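Accompanying notes for the structure given below.
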Amino acid sequence: MATSYQQQKAGDLNFLKRLNRSAILEMVRRVPGLTRADIATQAQLTKATVGSGVQSLLNQGWLKEGDLQKSSGGRPGRALHLNDDRHYLLGAEVGVHRLRLVACAPSGKVLEALHEPFVPTTPESTAALLAELLQQLMNSPAVAHRENLGIGVALPGPIATGEAVLRRAPNLGWQDVRFLDLLHPHLPELKGVWLMENEAKSAAFGELYFRTGKIPESLLYVSAGTGIGSGMAEGSHSPLLTRGVQGLAGEIGHTILQPGGLYCHCGNRGCAETLVSGWSIRATLGINEKDDLIHMLGPRLQEPEVMRTLGRAGEALGMLILNLHHTQNPAEIVLGGSLTQLGNTFLEPALTYFDANQHRLLGTTQRVPLRVVEDSTFVAARGAAAQVLARAIHGPELS
């Protein structure tokens with residue numbers, strides 16, 4: 001995601017100007033209401049550099065001016081804000097059972113959203129269906145007057161590092177898919193940034209990047225749905241995602257919790273997903289894949305067999321979160337995914353296990369906060385849109 005400084009020639013003034021504009025825009029995006037003087041002081045840039053950069057961003061429609069702010073000395077300056085009315089971003093998640101799409105303003109505000117049931121099929125058919133829904137979103141009155149900055153697509157599997165290839169999605173039965181290449185012919189008029197990402201990593205990015213006010217230095221997102229995954233984002237202006245050399249970082253659903261256990265969709269035995277995942281819960285309780293798991297279990301949450309199954313799955317999730325706490329040690333953990341809608345029968349064993357064990361190694365009383373997202377339907381799609389925004393801000397498009 002970060003700009004490659006090695007590819008720039010020393011003394012490239014256009015690059016330096018773009019770098020300064022990106023820094024200014026990120027500061028205002030994170031802390032609305034800053035004045036030019038505030039930016040110059042905090043960024044340690046000259047007033048002339050800030051003035052030129054701000055004027056360029058105003059002309060391009062990225063920023064807008066607000067009221068005059070009181071000054072402790074010198075002339076009062078005008079508050080600067082992100083212009084949330086000029087651009088929009090598209091984000092989409094290809095889930096195992098649903099397609100989820102959003103059109104977002106640069107602040108992260110969802111302008112329009114679509115949630116479509118989806119029967120797993122070929123990558124080609126999925127791309128065609130997704131394109132139809134994206135076209136429907138782009139024709140919405142909520143975005144008709146805005147300029148599109150691009151599209152990000154979140155997918156349920158590891159993405160090759162440095163390459164737009166979905167390596168494998170076991171729960172879809174896909175392998176080595178260049179999904180953007182399949183999508184692009186259906187949307188030739190869609191310009192701007194095109195990117196694809198693992199769904200949990202997209203969610204982590206969006207949860208950190210669209211945050212304002214007090215921002216954690218790192219954030220771990222755990223996605224508990226049909227499969228189990230995680231993503232780790234660090235930094236502020238353009239967060240970095242932990243990927244690994246093959247894109248496998250965060251694939252916690254395929255870490256081994258029970259050696260010699262049940263076979264997983266990936267081919268290994270005893271993976272975490274055989275203990276805690278939507279598909280393993282379905283298998284244990286005999287729920288058809290075509291039926292909505294949350295809807296089917298809602299009336300049955302007090303049944304002894306359901307309580308036992310969800311209790312075991314919840315405790316396994318707590319073990320995974322504790323392992324992530326020890327191996328990645330984020331400043332904040334966010335838990336999302338469709339399984340969180342199962343409520344306390346599932347969540348309480350997970351949270352209790354993590355709470356009881358997170359201090360055993362260091363003995364510290366400093367807690368790592370764990371937040372459960374009540375409705376994570378569009379979190380990954382919104383995160384993919386956030387990645388589009390970051391790429392647009394830090395790429396040549398800002399020239």
Side-chain angles (χ1 to χ4, degrees), residues 199-201 203-208 211 213-234 242 249-258 261 270-278 280-281 284 293-294 297-298 301-377 379-380 383:
E199 58 92 14
K201 290 182 177 67
F205 190 97
E207 285 294 294
L208 189 61
R211 186 82 64 90
K214 188 176 181 181
I215 302 166
E217 62 184 68
S218 59
L219 183 145
L220 178 77
Y221 184 88
V222 178
S223 175
T226 299
I228 304 292
S230 70
M232 175 85 157
E234 299 180 82
T242 303
E251 289 294 324
I252 57 168
H254 301 288
T255 56
I256 306 300
L257 285 188
Q258 194 176 53
C271 288
E273 284 194 9
T274 65
L275 299 175
V276 50
S277 65
S280 66
I281 292 172
T284 302
L293 177 64
I294 309 304
L297 284 182
L301 291 177
Q302 300 305 313
E303 293 180 13
E305 185 185 9
V306 172
M307 293 179 70
R308 281 194 301 270
T309 299
L310 296 185
R312 286 196 298 265
E315 186 175 55
L317 178 61
M319 292 180 195
L320 283 179
I321 295 172
L322 181 66
N323 289 342
L324 288 167
H325 167 59
H326 284 155
T327 55
Q328 296 192 277
N329 200 206
E332 181 178 320
I333 299 173
V334 179
L335 174 60
S338 59
L339 294 187
T340 62
Q341 297 175 48
L342 293 172
N344 286 337
T345 307
F346 173 70
L347 289 174
E348 190 171 336
L351 301 180
T352 298
Y353 188 94
F354 178 69
D355 186 62
N357 293 285
Q358 72 159 299
H359 298 314
R360 294 194 187 280
L361 182 60
L362 296 179
T364 177
T365 57
Q366 182 181 355
R367 303 180 59 80
V368 172
L370 194 163
R371 174 169 58 90
V372 178
V373 181
E374 292 184 5
D375 182 0
S376 57
T377 304
V379 169

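Since we're looking at a predicted model, the values are computed, not measured. In what follows, residues are counted from 1 in the order of the sequence shown.
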Heavy-atom side-chain contact between [X] and [Y] under 4.5 Å:
{"X": "Ile333", "Y": "Leu324", "answer": "no"}
{"X": "Leu257", "Y": "Asn323", "answer": "yes"}
{"X": "Val276", "Y": "Phe346", "answer": "yes"}
{"X": "Leu320", "Y": "Ile228", "answer": "yes"}
{"X": "Thr242", "Y": "Glu234", "answer": "yes"}
{"X": "Met232", "Y": "Ser218", "answer": "yes"}
{"X": "Leu347", "Y": "Leu342", "answer": "no"}
{"X": "Ile321", "Y": "Leu220", "answer": "no"}

Just by distance, do the side chain of [X] and the backbone of [Y] share a donor-acceptor pair under 3.5 Å?
{"X": "Asp355", "Y": "Leu351", "answer": "no"}
{"X": "Thr352", "Y": "Glu348", "answer": "yes"}
{"X": "Gln358", "Y": "Val368", "answer": "yes"}

Atom pair [atom1]/[atom2] of [X] and [Y] - distance to nearest 0.5 Å:
{"X": "Phe354", "Y": "His359", "atom1": "CZ", "atom2": "NE2", "answer": "8.0 Å"}
{"X": "Cys271", "Y": "Ile256", "atom1": "SG", "atom2": "CD1", "answer": "4.0 Å"}
{"X": "Ile281", "Y": "Arg312", "atom1": "CD1", "atom2": "CZ", "answer": "10.5 Å"}
{"X": "Glu332", "Y": "Leu219", "atom1": "CD", "atom2": "CG", "answer": "5.0 Å"}
{"X": "Met307", "Y": "Gln302", "atom1": "CE", "atom2": "CD", "answer": "5.5 Å"}
{"X": "Leu301", "Y": "Ile294", "atom1": "CG", "atom2": "CD1", "answer": "9.0 Å"}

Minimum heavy-atom distance [X]-[Y], with the two atoms named:
{"X": "Ala200", "Y": "Ser223", "value": "CB-CB, 4.2 Å"}
{"X": "Pro349", "Y": "Asn344", "value": "CD-O, 3.6 Å"}
{"X": "Ala204", "Y": "Ala233", "value": "O-CB, 3.9 Å"}
{"X": "Pro216", "Y": "Arg211", "value": "CD-NH1, 3.4 Å"}
{"X": "Gly337", "Y": "Ser376", "value": "N-OG, 2.8 Å"}
{"X": "Thr226", "Y": "Ser338", "value": "N-OG, 4.4 Å"}

* To do: Could you give me the CA-CA distance, side-chain angles and deciding distance for Thr274 and Gln258, then say whether side chain to side chain donor-acceptor pair (under 3.5 Å) is met?
  => CA-CA 9 Å; Thr274 65; Gln258 194 176 53; 5.0 Å; no
* **Identified side-chain contact (heavy atoms from CB on, under 4.5 Å) partner of Leu317 from the options Leu335, Leu339, Leu275** =>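 Of the listed options, the one satisfying the test is Leu335.
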